[in-house]
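Encoded as structure tokens, the structure appears first; notes follow it.
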Amino acid sequence: MLMIISAWLSMFFTTLLAPPKHLWTLITTQGFFIAFFSMSWIFLQDFNFSNSLFFIDKISGPLAILTCWLFPLTMLASQSKMYLEPVNRQRTYIVNSTFLQLTTLLAFTSSDLMLFFIFFEASLVPTMIIITRWGAQERRLEAGTYLAFYTMLGAVPLMIWLTKFYSTHGSLLPALTHILSITQASTSYPGLFWATYNAAFLVKLPMYCLHLWLPKAHVEAPIAGSMVLAGTLLKLGGYGILRTSALLQENTLNQTLFIMLIAILGILATALLCLRQTDLKSLIAMSSVSHMNLVVAAALISSPWSYSGAMAMMIAHGLTSSALFCLANTTYERTNSRTMILLRGALLIFPLAGAWWLTIILFNMALPPSINFAGEVLIMISLYNWSPLAFLMVALNLIFTTAYTLYVLWSTQRGSLPTHIKTLFPFQIREHLLLLLHILPGFLLILKPELIF
């Protein structure tokens, strides 16, 4: 673990010292080396590190590997736009991205509650810088403000709870691993207690009603910002909920019915909202909210199956939504537009890209035998065991998801070319490689899904 952390830190030196000509090549190569080394964490699932600062288990392992895997992909995706900027700005951008992925990785692997909270909040700073400095639209400052205020307000109850936790147990550093041995917090309002200490995570996921920052942030962010937001930052919320779920009391679900209702409403409402979107990135952001609300529902049910489903869902969503943002970015770079009606007829010009669109959007739709499907089935079974009525309501989501999937495919791929488009430069090998590296882990996990359950 320490070796990987030091490899991440060495990236800062590479960024500052590499010659401009080889800057992106060196950083991407180094990123892939770290990603391949991190694969060893699959085999360290229940390994406790001797210095007890870092911890890899069934929950943090897959998410930490996902973080390491997505970094070189963000570097691959950013190159075409960033090449045009001055070298110092390119270096600043890479340092920011590296710092963002490093804080996320440390949040996933820290064995300590306070360290987790510090890194959880620290990831906000580079995200804001990337959105407000390298975003393309004029409303990027507003998006940054939304992101900051939502995250910071959500974190206040968590901080109060952490302070109370420490004063009660007389220790500043209770390891997350030992949380199970601590007696469950006895309170007369378990539902309110759950909602309070999970507020920061519910904002980060985000739960429906607390999600307004997400479409804004995604639409304004550059491609690396969107990929990291969808791929790993949203998963910090899910990870926090799953990690602290040991503190749930037996009867908490009866007390948190209100949150469960919001989550179920969110799954359906955001899927329907996707059908009303005209902006491609906004649509992908809304579908992320829909998928993440399934994770909230699964975490509330808190059975082994629902936890496995939530885990599979987070990993699968991290790969597919990141890939969808890459596809949206490839069309944006060519047409300078994200309005779907102006992107129609893409299949005629880019037939191979059409195949990528179909594959990735079917993964997003949770087509069997994809890992997305495995995650959804596990969550659906847990929901049915808890309440058949809730299951029937969430099952409607399958129809809505199929509807907006067809809407995206029809509006971007089919139809005649818009008259204003004269020439579009062809897809590069770099872009095909980028999409392949997103989808390949998804296909490999079909063969061995127990790695992330």
Side-chain angles (χ1 to χ4, degrees), residues 39 41-47 55-67 69 108-109 176-177 179-180 194 198 201-202 204-205 207 231-232 234-248 250 252-253 256 259-260 263-264 267 288 290-321 363-388 390-391 394-395 397-398 401 441-453:
M39 298 290 175
W41 291 340
I42 291 173
F43 310 107
L44 299 179
Q45 300 264 304
D46 290 311
F47 188 70
F55 175 66
I56 299 284
D57 70 342
K58 288 276 190 189
I59 302 178
S60 60
L63 289 166
I65 294 168
L66 178 70
T67 308
W69 183 248
F108 281 136
T109 53
L176 274 170
T177 48
I179 228 172
L180 277 168
W194 188 91
N198 277 321
F201 306 136
L202 291 175
K204 201 76 166 178
L205 255 172
M207 189 178 76
T232 52
L234 301 190
K235 311 300 171 283
L236 271 174
Y239 172 74
I241 292 178
L242 294 183
R243 192 38 107 209
T244 53
S245 60
L247 297 171
L248 273 176
E250 291 302 313
T252 306
L253 187 52
T256 50
I259 294 176
M260 182 62 123
I264 291 173
I267 295 167
S288 292
S290 181
H291 285 107
M292 289 297 104
N293 275 279
L294 263 173
V295 174
V296 176
L300 278 168
I301 293 170
S302 65
S303 68
W305 277 43
S306 72
Y307 284 155
S308 292
M311 198 66 221
M313 190 84 194
M314 288 199 289
I315 298 294
H317 175 265
L319 290 165
T320 46
S321 69
F363 262 81
N364 193 54
M365 196 177 87
L367 189 82
S370 67
I371 196 73
N372 308 53
F373 173 73
E376 279 201 17
V377 160
L378 286 168
I379 294 174
M380 290 291 195
I381 293 170
S382 313
L383 262 172
Y384 183 78
N385 286 337
W386 173 65
S387 157
F391 164 78
V394 175
N397 179 47
L398 302 176
T401 308
F443 278 122
L444 293 175
L445 282 170
I446 291 173
L447 305 174
K448 204 167 170 58
E450 63 270 20
L451 289 178
I452 58 169
F453 284 165

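Below, each value reflects all heavy atoms present in this structure, side chains not excepted, and no hydrogens, waters or symmetry copies. Since this is a predicted model, take the numbers as computed values, not measurements.
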What are the two closest heavy atoms between Met260 and Ala297, and how far apart are they? CE-O, 3.6 Å

Would you name the heavy atoms of Leu378 and Gly309 that are closest together and state the gap between them? CB-CA, 3.7 Å

Side-chain donor-acceptor contact under 3.5 Å, Ser382 with Asn385: no

Here's a test for you: under side-chain contact (heavy atoms from CB on, under 4.5 Å), which of Leu202, Asn198, Ile264 qualifies with Val296? Leu202

Counting C-beta onward and ignoring hydrogens, is there a side-chain heavy-atom pair between Ile59 and Tyr307 closer than 4.5 Å? no

Compare all side-chain heavy atoms of Leu234 with those of Met314 and state whether any distance is below 4.5 angstrom. no

Tell me, do Ile452 and Ile371 make a side-chain contact under 4.5 Å, heavy atoms counted? yes

pair Met207-Met292: side-chain heavy atoms closer than 4.5 Å: no

Between Ile379 and Ser306, is any pair of side-chain heavy atoms under 4.5 Å apart? no

Count the heavy atoms of every other residue, nucleotide or ligand shown that sit under 6.0 Å from CH2 of Trp386, and state whether that count exceeds 12. yes

With a 4.5 Å heavy-atom cut-off, do Met365 and Ser370 have their side chains touching? no

At what distance, to the nearest 0.5 angstrom, does CG of Leu294 lie from CD1 of Ile267? 4.0 Å

Asn364 vs His291 side-chain heavy atoms within contact, under 4.5 Å: yes

Would you say the side chain of Leu66 lies within less than 4.5 Å of the side chain of Phe108, judging by non-hydrogen atoms? no

Sorted by chain and number, sequence neighbours left out, side chain to side chain donor-acceptor pair (under 3.5 Å) with Ser288 holds for His317

With sequence neighbours excluded, what pairs up with Ser321 under the side chain to side chain donor-acceptor pair (under 3.5 Å) test? none

